[in-house]
Amino acid sequence: MPHDGSARARVAQPRATGAGPGATGTPPRMPEAAASVRVLAFTGAALAAVYAPGTAGELRLVDVTGSAGASCALPERLSLSGDSPAAHVVRTGRPLWLNHAALAAFPEGGPAPSAQASLGALPLRRGSAPLGCLVVVGEGADGFDPEQQRFLERYADAVTGLLPAGTGGGQAAAPLLCPALRTLRAGSFALVPDTGLIEADRALLELVGIAPDDFDGKADTLLAHALPEDMHALLSVLEPNPRVVGGRRLEFRVRRAGGGTRWLSLHCRAVAGTGGRPEQVLGVVTATPVLPRSTDDVSRIQWLTVALDDATTVTDVGRVVVTALREPLAADRVALAELRDDRLQVAVLDPPDPAAWPPAWRTDRRPEGPDAPVGDLPTLRTALRDGRMELWPAGTAVEPGLAGVGPGGLAVLPLPAKGRTAGLCLIGWDRPHEFAAEERSLLTATAALVGQALTRAHAHDAEQELATMLQRSLLPRRLPDLSGATAVARYLPARRGLQVGGDWYDAIALAEDRVALVIGDVQGHSVGAATIMGQMRTAVRAYAVEGHPPDVVVAHANRLLVGMETDLFATCCYAELDLEEGTALFVRAGHLAPLVRHPDGGTEEVPVEGALPLGISAEADFPMTAVALAPGALLALVTDGLVEAADLPVDEGMRRLRTALAAADPSDPGRVADQLLGAAGRREDDVALLLLRYDGMTTRPIRAGWTVWRLPDAVMHARRFTARTLRRWHVEDAADAVLLVVSELVTNALVYTQGAVHVDLTLRGDRVRVSVSDASPRAPAKPVIDDWEATGGRGLLLVEAMSESFGSVPVASGKQVWSEIAVPRREPPPADPGPRTDQGDLP
């Protein structure tokens, strides 16, 4: 919770308006950086900084904001193994809160020793992966109080949400600290009492419910949204007198656009001018108030009802409970746990420091909660059985699993919801606590509200988890490793509604030197769209693996979707890349054009001819467009969720994406993907992104081909062609094995299939690949019985024994049986002018 504490940070001053009380015109705008400085000042922080892991075992400063002087400046680089607070927090994953005296134990990574400053360092982690550290410097020597610490912990969570998972090298995708502060919905203002003009930032206007373009810069406009019964307190802020110069705090309510009210908390400080008269009032307003203990129970329950209505996840419910109970009741500990199969699953512990809790409750050791069923905890079992609140005064003997939670008093609140118990809330005090009658009433009413909210939040979390699992199961787990190229992909669900959508991507390795890329979007944002998406991705992959050209793959997928008789259509962009030649064939069915970043840094939309989306007409044509790629080119395929929103036209979004792609460093495609997604904070739709950097193949294969004639001596001709080719390639040492494989595969094709038979030989590095294609789709079968009386089938066993690897793949015209044989290399073969195919010439 922001408040002024002991902070003495400098704050940006409002611009002089020279206007009187009746002034009109454009209201003053508060720069985002100045607003951030003002909010941080009320948290006791004069400076905030983010460190992220870089190369060579160091932490690098990636973002900083605040108004601290040079004495509080932080170093640009820190050793990850050093003694700085930031390095210690990244290594341990636990926060540090250091006053000026404690800061002396860390000689590195802090403000200058001469500065009377304190410091807080909070880990930035996603799961078990460390992403960096948030460091806040306070100009006060006494450190941050618990209320300030809780706000800064929420601030660290917000920064973590914006920090890309692939952050490395000490670089962040975009500014972090100011955008993260916006997500906390903390607004700031600077009021000039003499004129009634107020400089308010965008966050404050959003909290009150005023569109920035509709704000005229007058304090009366803000006051008009407050409830009449709270107006008197707000007027005391608008018209301060010399006796109230200093800090003030109050709570008030504003009308919400959709009906009802919202509680806001205001912290302000009057700044005296010449003659001691208040010249300015600087303040912070937040939508996460901590109600003072003097607030009446009716107001508290009203606020709790509104706050729980806004809580969508179990974690959100836990934070509201902590806000509503811990400080107003002067409690030392609050725990919220769900009841799952006779065991407790901890949702929130406050304070979060594991050392403040008994071992059984420490989430760093056992994240799901106490290592014992509820039946082994008599205190909790009794409360759950009776469904009533249990209050245990100081000195009450409790079981070891609860010892230390509340030595001065313990309140156990079962949380009823829809005829069952949804969970438990534990409130503990260290010093002896007297349970007043009004507290009992408050806790009883709180338990009923929290139980219902916990049930709703659990259903929401389960729904989102199911949606996430469904989406992950429909998208590829990993992309293939490619020779001469690197492919990466990213997917982000929408932030509204069910987090499952119709965007998909895939990278399909067709051969060692060919890959197909596809990205698509099924109309809508629902489970139905996701189901169609999964079917389309599977179909496109199946058609591609069969060896069809791009236009045929897309045409088959289109006819499949039309035949499903669904009301949904889909767009897609399909590309088949020849990694040896550096060419690509594109087909675009109603989708955004792909982007390419050339080696010189220039970007453009690939001019791919468009066609109808899939599912519109079974007779639609899908023309192909050929494009040449130079080594070092970066190809980007995206869905419209990245470049289009209600306030962002698609043309402007594509222009911004091209600009970001041109500024990116293509040496790390994964980091490029994270940077391109950095500005996708609006996310009204899900987002898919597929990148491929084409490097060119370091080892170009040598090829030769032979069409087998169906003559009695066809196998002899195939063997002679193979022997001649191996001599030309200077790999005669492998001739025996290769000739045996060619003989067996060609014989099988001639005996068991009809139509054309073709032999392809490929030399790449130390491997010769033999491929025999025929017109039958049936894979060759190994013998079921292998003994002396068997009449056939031993050829495949010989091929498998002689090969390093062996297999069969379907192709558009039938199948291809292949074998790879390792060959010793004595000297490099002469460079061929290019791939060569021999067709029917006699040896």
Visitor: Ignoring hydrogens, what is the shortest heavy-atom contact between Asp621 and Ala611? Give both atom names and the distance.
Guide: O-CB, 3.4 Å

Visitor: Any side-chain heavy atom of Asp513 within less than 4.5 Å of one from Arg764?
Guide: yes

Visitor: List the atom of Ala557, the atom of Val540, and the distance in Å for their closest heavy-atom pair.
Guide: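 Ala557 and Val540 have their closest heavy atoms at CB-CG2, 3.9 Å.
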
Visitor: Other residues, nucleotides and ligands only: do more than 12 of their heavy atoms fall within 6.0 Å of CD on Glu604?
Guide: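 Atom CD in Glu604 is crowded, with more than 12 foreign heavy atoms closer than 6.0 Å.
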
Visitor: Is it true that a side-chain atom of Tyr694 and a backbone atom of Ala630 form a donor plus acceptor pair closer than 3.5 Å?
Guide: no

Visitor: When you measure from the side chain of Arg710 to the backbone N and O of Gly755, does any donor-acceptor pair fall under 3.5 Å?
Guide: yes

Visitor: Can you tell me how far apart CD1 (Ile821) and CG (Asp736) are? Round to the nearest 0.5 Å.
Guide: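 Answer for the CD1-CG pair, Ile821 versus Asp736, is 11.5 Å.
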
Visitor: Compute whether any side-chain donor of one residue and acceptor of the other, for Asp665 and Ser667, lie under 3.5 angstrom apart.
Guide: yes

Visitor: For His556 and Arg559, does a side-chain donor sit closer than 3.5 Å to a side-chain acceptor?
Guide: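 A pair is found: one side chain offers a donor N or O, the other an acceptor, under 3.5 Å apart.
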
Visitor: Heavy-atom count check: over 12 atoms from other residues, nucleotides or ligands less than 6.0 Å from Arg778 CZ?
Guide: no

Visitor: Can you tell me how far apart CG (Leu635) and CG (Leu690) are? Round to the nearest 0.5 Å.
Guide: 8.0 Å

Visitor: In Å, rounded to the nearest 0.5 Å, how long is the span from CE of Met536 to CG of Asp521?
Guide: 12.0 Å

Visitor: Report the C-alpha separation of Leu479 and Tyr505 in whole Å, then their side-chain angles, then the decisive distance to 0.1 Å, and conclude whether the side chain to side chain contact (heavy atoms under 4.5 Å, CB included) test is met.
Guide: CA-CA 10 Å; Leu479 300 185; Tyr505 63 85; 4.1 Å; yes

Visitor: Apply side chain to side chain contact (heavy atoms under 4.5 Å, CB included) to residues Trp504 and Val518 and explain how you reach the verdict.
Guide: CA-CA 8 Å; Trp504 93 88; Val518 60; 4.2 Å; yes

Visitor: Contact between Tyr543 and Leu560 at the side-chain level, heavy atoms closer than 4.5 Å - yes or no?
Guide: yes

Visitor: What are the two closest non-hydrogen atoms of Ala664 and Arg597, and how far apart are they?
Guide: O-NH2, 3.3 Å

Visitor: Heavy-atom count check: over 12 atoms from other residues, nucleotides or ligands less than 6.0 Å from Asp481 CG?
Guide: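 Open.
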
Visitor: In the structure I gave you, are the side-chain heavy atoms of Tyr752 and Ser776 within less than 4.5 Å of one another anywhere?
Guide: no

Visitor: When rounded to the nearest 0.5 angstrom, what is the spacing between CG in Leu691 and CZ in Arg671?
Guide: 14.0 Å

Visitor: Considering non-hydrogen atoms only, spot the tightest contact between Asp503 and Ala688 and give its length.
Guide: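 Nearest heavy atoms, Asp503 then Ala688: OD2-N, 3.7 Å.
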
Visitor: Between CE of Met533 and OG1 of Thr538, what distance do you get to the nearest 0.5 Å?
Guide: 9.5 Å

Visitor: Do Met802 and Val738 come close enough that some side-chain heavy atom pair is under 4.5 Å?
Guide: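 Result no, sub-4.5 Å side-chain heavy-atom pair not found.
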
Visitor: Show your working on side chain to side chain contact (heavy atoms under 4.5 Å, CB included) between Thr762 and Trp818 and close with a plain yes or no.
Guide: CA-CA 11 Å; Thr762 305; Trp818 57 271; over 6 Å; no

Visitor: Please report the C-alpha distance between Val823 and Trp729 in whole Å, then the side-chain angles of each, then the deciding distance to 0.1 Å, and finally whether the side chain to side chain contact (heavy atoms under 4.5 Å, CB included) criterion is met.
Guide: CA-CA 11 Å; Val823 297; Trp729 290 350; over 6 Å; no

Visitor: side-chain contact (heavy atoms from CB on, under 4.5 Å) with Leu634: which of Val596, Leu661, Leu692?
Guide: Leu661

Visitor: Tell me, do Pro549 and Glu576 make a side-chain contact under 4.5 Å, heavy atoms counted?
Guide: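 Heavy-atom side-chain distance check fails, nothing below 4.5 Å.
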
Visitor: Answer yes or no: is there a donor N or O on one side and an acceptor on the other, between the side chain of Asp578 and the main chain of Glu581, under 3.5 Å?
Guide: yes

Visitor: Considering only NZ, NE, NH1 and NH2 on the basic side and carboxylate oxygens on the acidic side, decide whether Glu820 and Arg769 come within less than 4.0 Å.
Guide: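 Here Glu820 pairs with Arg769 in a salt bridge, since their nearest N and O are under 4.0 Å apart.
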
Visitor: Taking all heavy atoms of Thr571 and all of Gly590, pick out the closest pair and write down the distance.
Guide: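 Minimum heavy-atom separation between Thr571 and Gly590: CG2-O, 3.3 Å.
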
Visitor: Considering all heavy atoms of both residues, which atom of Leu745 and which atom of Leu796 are nearest to each other, and what is their separation?
Guide: CD2-CD2, 4.5 Å

Visitor: Check this for me: does any side-chain nitrogen of one of Asp760 and Arg703 sit under 4.0 Å from a carboxylate oxygen of the other?
Guide: no

Visitor: Below 4.5 Å, heavy atoms only, C-beta onward: do Ile519 and Leu517 meet side chain to side chain?
Guide: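 Counting from C-beta outward, Ile519 and Leu517 never come under 4.5 Å.
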
Visitor: May I ask you to check whether over 12 heavy atoms, not counting those of Asp600, lie within 6.0 Å of atom CG?
Guide: yes

Visitor: Keeping Arg541 on the side-chain end and Ile508 on the backbone end, is there a donor-acceptor pair under 3.5 Å?
Guide: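 Not a single qualifying donor-acceptor pair exists.
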
Visitor: Do Ser803 and Ser819 have side-chain N/O donor and acceptor atoms under 3.5 Å apart?
Guide: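 Result is yes, a qualifying pair exists.
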
Visitor: Would a distance-only check, ignoring hydrogens and angles, find a side-chain to backbone donor-acceptor pair under 3.5 Å from Arg490 to Asp674?
Guide: no

Visitor: Is the shortest side-chain heavy-atom distance between Tyr574 and Leu585 below 4.5 Å?
Guide: no

Visitor: Compare all side-chain heavy atoms of Trp706 with those of Thr722 and state whether any distance is below 4.5 angstrom.
Guide: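 They are not in side-chain contact.
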
Visitor: Would you say the side-chain atoms of Arg91 pair up with the backbone N or O of Leu80, donor to acceptor, closer than 3.5 Å?
Guide: yes

Visitor: Which residues pass the side-chain contact (heavy atoms from CB on, under 4.5 Å) test with Val562, sequence neighbours left out?
Guide: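 Asn558, Ala618.
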
